[in-house]
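Every chain is numbered from 1, with letters handed out A, B, ... down the list of sequences. Because the structure is a prediction, the values reported are computed rather than measured.
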There are 2 protein chains.
Amino acid sequence: MKSDVVFKRAYNDSLDLIAELGVGAALPSENALGARLGVSRTTVRKVLAALADKGAVSGAPRQRRVRAVVQPTQRFPDAETVPLGAQVERRFMEWMLRDNACPGTAVNELELARQLGTATTSIREFLNRFQRFGLIEKRPNAGWILKGFTSDFALELFEIRELFELRSARAFAKLPPASPLWRQIEALREEHLRLLDEIEQRFHDFSDLDNRFHRLINAALPNRFVEDFYEIIAMIFHYHYQWNKQDERQRNEVAIREHLAYIDALTSRDVTRVEAACRTHLASAKETLIRSTAGPAAVPPQRGRRRRRAGVTPA
Amino acid sequence: MKSDVVFKRAYNDSLDLIAELGVGAALPSENALGARLGVSRTTVRKVLAALADKGAVSGAPRQRRVRAVVQPTQRFPDAETVPLGAQVERRFMEWMLRDNACPGTAVNELELARQLGTATTSIREFLNRFQRFGLIEKRPNAGWILKGFTSDFALELFEIRELFELRSARAFAKLPPASPLWRQIEALREEHLRLLDEIEQRFHDFSDLDNRFHRLINAALPNRFVEDFYEIIAMIFHYHYQWNKQDERQRNEVAIREHLAYIDALTSRDVTRVEAACRTHLASAKETLIRSTAGPAAVPPQRGRRRRRAGVTPA
DNA sequence: AATTTGTTTTTTATCGATTAAAGTACAATT
DNA sequence: AATTGTACTTTAATCGATAAAAAACAAATT
């Protein structure tokens, strides 16, 4: 059956919302709530019913009000608000990165399903979607082979990344002065400066800023394939940041300065400078990533004999 | 339950094989047959048992021989040897291209499943894999939206294609003279000349040649993301060739000449010439593709109201 | 007349079960 | 040492069913 993560997340978000509104405040209409929480009215009504049950809101049809603010302890645990697919992805990536899973390892649906406690269907769905990241490969009727997070992977990834980002950065530099992107990049520049100021305490916040920065560059010349590719980058970095804490503050500080130089180059509209700044930054990002890969080897898949099994660590 | 397309295809292929060997010839060992047919020994034995049953091969243990060549009418129909996923893809693409399905149309799993006569699981799997082609988009918990085969799609596709192919072609031109790829491209050049010679009768064969030509260029500097992207191109052209027959002979002849100029540029190792030839060819391919698209519009998805349904034509 | 709410229908996410195919193991045969 | 028969175990592909969420319809209210 379908899980109710949508309901649980909406319920938790509603608790925040009523705390924000304060006791006595009138609630928005069901449709307005749905739009705000990003769920259908069906789910809104379920949440509202649960809240009325807890005595958090009064149930009167057309004039619902906040009656009491619910204790944070009454919230659903965060783990229960994460969609199954995302959970599977996280566990799989952790296994691959943390345990440095070896290229050539067989990944098998049944065993993954057992270890993650889900039906095989969900695992299949995940693997099929995950395939596009280039880290696994399907052999029809015979499971999946891990290609692995190797330095080859990182090199190929960054070759394309550079190709794409140079293209986008050139387009950015040629943007008409009236383009709203100029304001956005100026705002990002200021965010960078603020972060640099408090780098000792807030260096973790760089990951998100990095993501927004590169997406903004790509927005100069939208292309669905570039955007899709950037999702691969974002995914890799998302997990990589969580896993490789070595020199994190230092690395992020360097990257921030590179971003600032990159932004300056863009605002100068001097294509040669833009290209140089872009290349410099990507080269150092590549270095960082490669240092944490397993190595170059892509061991050919062993056939005919029992292959090493994927051992994702149990929950 | 699992379908037995693997068995049926292997069986058909075996019929071809025994016809090729001729009556009286000794059959290869089970393992050798498995390697040749691309299936496991389990399936080989099933096929062999079926063939013995038909009297096509003698069942004697270690000296199996071809006894009779089976009539082509005894083969399994081709439709039964196509994996479900491929069938779904074909039907879906035909619907989109032939019926010029409108961007913004909702694609719904249940209805597709009903129309194609499969379980919804298979449809989901297909849609998840198909997503990477950039023609559909998922809205979690709420089905899929067709982005459609629009001119925007073609433009974005060709922007990346040019970026990638210029990169590969430059690398090709710089290949050391000892590289085996030089021999391969020379062989392809001759194939092009032969095809040009018989263009009136054989213009259909260009599609396959085109595919092999561009893959060879990409092989100059292997990169999994470039290869993955080329699968999108190949898929689009595969269906496009089947669907748009207008001026086919003429178009293919032009393309062959462009390929020949491109190959000459490569063998000259003059990067400027290579780039020019590559751009010329891709520009004309782009033109062809764009002429058969629906138009630029990407209608925003309608929400809250029943959207137009995807009407894939029944089997 | 447009919102808002109550009710019903449709669709997606997820499960568990079943069959085909792959893979394992090993002794018997050439 | 490779090939085969036999028998078995494991895994992938595919189905149908069910609960949650979305969407549509209908009635009530301002």
Rounded distance in Å - CD (A/Glu125) to P (C/dA13): 7 Å

Distance in angstrom units between A/Asn31 CG and C/dT5 P, rounded: 8 Å

N-O pairing of B/Arg132 and B/Glu231 below 4.0 Å: yes

Side chain of B/Ser29 (C-beta onward), nearest among C/dT11, C/dA21, D/dT3: D/dT3

Whole-Å gap separating C1' (D/dA22) and CZ (B/Arg139): 9 Å

5′-ward residue of the pair B/Arg41/A/Ser3 relative to DNA chain D: B/Arg41

Salt-bridge present (B/Arg9, B/Asp13; N to O < 4.0 Å): yes

Short side-chain N/O contact to D/dA21 OP1/OP2 from A/Thr43, under 4.0 Å: no

Closest listed nucleotide, where the reference is the side chain of A/Asn141 and the choices are D/dT4, D/dA21, D/dA13: D/dA13

Show every donor-acceptor pair shorter than 3.5 Å between a side-chain atom in residues 14-22 of chain A and any protein atom, with sequence neighbours excluded, or say none if there are none.
from	atom 1	to	atom 2	distance (Å)
A/Ser14	OG	A/Ala10	O	2.7
A/Asp16	OD1	A/Arg75	NH1	2.7
A/Glu20	OE2	A/Arg36	NH2	3.3

Selection from D/dA22, D/dA19, C/dC15 that lies nearest to any side-chain heavy atom of A/Thr118: C/dC15

Touch class at under 4.0 angstrom, heavy-atom based, for B/Thr121 against every strand present: base

d(CG, A/Asp4; C1', C/dT14) in whole Å: 12 Å

C/dC15 phosphate, OP1 or OP2, under 4.0 Å from A/Thr120 side-chain N/O: no

Phosphate OP1/OP2 of C/dA21: any B/Thr42 side-chain N/O under 4.0 Å: no

N-O pairing of A/Glu30 and A/Arg64 below 4.0 Å: yes

Side chain of B/Ser122 - closest among D/dT14, C/dT5, D/dA13: D/dT14

Separation of atom CD in A/Glu109 from atom C1' in C/dG16, rounded to whole Å: 15 Å

Whole angstrom value for the distance that separates P of C/dA21 from CZ of B/Phe7: 8 Å

Backbone of A/Arg65 reached by a side-chain donor or acceptor of A/Ser58 within 3.5 Å: yes

Between C/dT11 (P) and B/Arg124 (CZ): distance, integer Å: 14 Å

Sugar-phosphate, base or nothing in reach of A/Lys8, heavy atoms under 4.0 Å: nothing

For atom CD of A/Glu30 and atom C1' of D/dA22, their distance in whole Å: 14 Å

side-chain N/O A/Lys46 vs D/dA19 OP1/OP2, d < 4.0 Å: no

